[in-house]
Every structure is written in structure tokens, then in C-alpha cells.
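Just follow the structure's listing: the first ligand is 1, and inside any ligand the first atom is 1.
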Amino acid sequence: MKHAPTTYPVHDLIRKRWSPRAFASYPVAPETLNQVFEAASWAASAMNEQPWRYVYAHHADTEAFQKMVDCLLPGNQPWARHAPVLVLALAKTDLGNGTPNGAALHDLGMANANLMLEATALGLHGHFMGGFDRDKARQAFQLPENLQPVVMLALGYLGEAEQLEEPFLSREKAPRQRNPLADFTFHTQLPS
Ligand SMILES: Cc1cc2nc3c(=O)[nH]c(=O)nc-3n(C[C@H](O)[C@H](O)[C@H](O)COP(=O)(O)O)c2cc1C
């Protein structure tokens, strides 16, 4: 566990969420996964468009799971291929009337945050990955033009750090850090 060493007290779920690379091999029950996706669905979204879409595969879905693994870049494949579930998160970038939805990426992020906090509450861990080949994902999952592949996610129960080889082992054990509030919050105006 790598609970966030916060300066101010924050909700336990926020403290507990972190992005491991070592996952236990046991599966995530379909019911549990649905709970996690249900949480995603209750995120706010512009005009209640709900522009998030998720394609997922359990480890046991051999063919689809391998397609997901093949989309990942080499820095993610060695550890993420052991995750019990891989998810491809997509943003629907147009509105019903065909005009662009400028909030699609924002709203997918909102849904992803909900998803991850619910997962944390259920004892799961997740690790988002921007390191994947978007063109490959488009082809592999036959995505229409208006669905943008944004991020992938490895999801499951926490494993032992010692399962990992370097450089992943060191990253798993590295302390967590954040910028201080003064670096990104500004009372009334930005500094000149
Ligand atoms: C959009 C996004 C893309 C990311 N891409 C990768 C990735 O390709 N590989 C990786 O190991 N971690 C990736 N991460 C995980 C971040 O490195 C991690 O969230 C960050 O270092 C903070 O650590 P924490 O999640 O444990 O608090 C990504 C996270 C996000 C939100």
C-alpha cells in the first residue's frame, strides 16, 4: 500500500488510490466490474451526454485480452499483461446533432475518476496508461471515427511488488509525490 502522504486531510479513498504495476492473478467478478462501471456512469457530464465508452476484457477472454496487450507500448506490456482486466476508455467526441462535444475528454476523465474511486472502495487497484498505440486500438476494436481512444486501464487486486522486474520494481516502491498547493492554486489572480 502506498497511501498518499497528504498535507491536508483528504478522503480515505483518495489517499488509498494509487497506480501499482503488480497485480494478483485472481479475477475480478463480473458483478464487481459492473459496480465500477456503474460508478463511472454517475459522473457529471456536459448536457448529460455521458460521452464515455469502455471496451474491456478479462484475462480469461484470451483473444480480446491479447488484442489489448498488443495495443500497449513496450513500457507497459511486461506488467500490464498480468492484470486480471484491461480496459480501453473511449471518448465520444460528437454530440447527437453531429457537432463536436468540447467536453468529451473532460467528462471521460470525470467518469474515470469515479470508476477508480469505486474500484478503490471495492479493494481493487487500477493503473491508467496513456502509453498505447491509438491507431492499433482503432483497428483492433474497429472503432468508428467519433470514438477517440484516450487511455487504457489495468485493473485488479494488488499483487506483490517482488513479482516485478526492474525498472518496474523500483517504481513500485518509489515514494509518491505531489506539487505543493502553492504551485497550482492562486487566490484571486495568477502571480505576475
Ligand atoms: C492519462 C494517464 C496516462 C498514464 N500513462 C501511463 C503509462 O503509460 N504508463 C504508466 O506506467 N503509468 C501511466 N500513468 C500513471 C501515472 O504515471 C500515475 O498516475 C502518476 O505517476 C501518479 O501516481 P499515482 O497514480 O500512483 O498517484 C498514467 C496516468 C494517467 C492518468
Under the 6.0 Å and 45° cation-pi test, does Arg134 pair with Phe132? yes
Quick one: does Arg17 get within less than 4.0 Å of ligand 1, heavy atoms only? yes
Distance-only donor-acceptor check, side chains Glu38 and Asn34, under 3.5 Å: no
Could you check whether atom CD of Glu63 has more than 12 heavy atoms from other residues, nucleotides or ligands sitting under 6.0 Å from it? no
As an exercise, identify every atom of ligand 1 less than 4.0 angstrom from a heavy atom of Arg178. 22 (C), 24 (P), 27 (O)
Heavy atoms only: which of Trp79, Phe168, Trp18, Phe128 lies closest to atom 29 (C) of ligand 1? Phe128
The protein heavy atom nearest to atom 27 (O) of ligand 1 is Arg176 NH2, 2.6 Å
Test item, Glu172 contacting ligand 1 (heavy atom, 4.0 angstrom): no
salt_bridge(Arg15, Asp12) N-O dist < 4.0 Å: yes
Closer than 4.0 angstrom, basic N to acidic O: yes or no for Glu162 and Lys173? yes
Atom OH of Tyr56 with >12 non-hydrogen neighbours under 6.0 angstrom: no
Exercise check, heavy-atom protein proximity under 4.0 Å to atom 17 (O) of ligand 1: no
Mark up the atoms of ligand 1 that fall under 4.0 Å of a heavy atom belonging to Asn76, in ascending order. 7 (C), 8 (O), 9 (N), 10 (C), 11 (O)
Any atoms of ligand 1 less than 4.0 Å from a non-hydrogen atom of Val151? List them with their elements. 1 (C)
Look up atom 20 (C) of ligand 1 and tell me if a protein heavy atom lies less than 4.0 Å from it? no
May I ask whether Arg21 places a heavy atom under 4.0 Å from ligand 1? yes
Would a line drawn from the ring center of His59 to the ring center of Phe65 be shorter than 6.0 Å? yes
What protein heavy atom sits nearest atom 12 (N) of ligand 1, and how far away is it? His127 NE2, 2.8 Å
How far apart are the closest heavy atoms of Ala43 and Trp52, and which atoms are they? O-CH2, 3.5 Å
Shortest protein contact, atom 25 (O) of ligand 1 (heavy atom only): Ser19 OG, 2.4 Å
Give the residue, atom name and distance (to 0.1 Å) of the protein heavy atom nearest atom 5 (N) of ligand 1. Gly130 N, 2.7 Å
Parallel, tilted or perpendicular for His125 and Trp18, by the 30°/60° rule? perpendicular
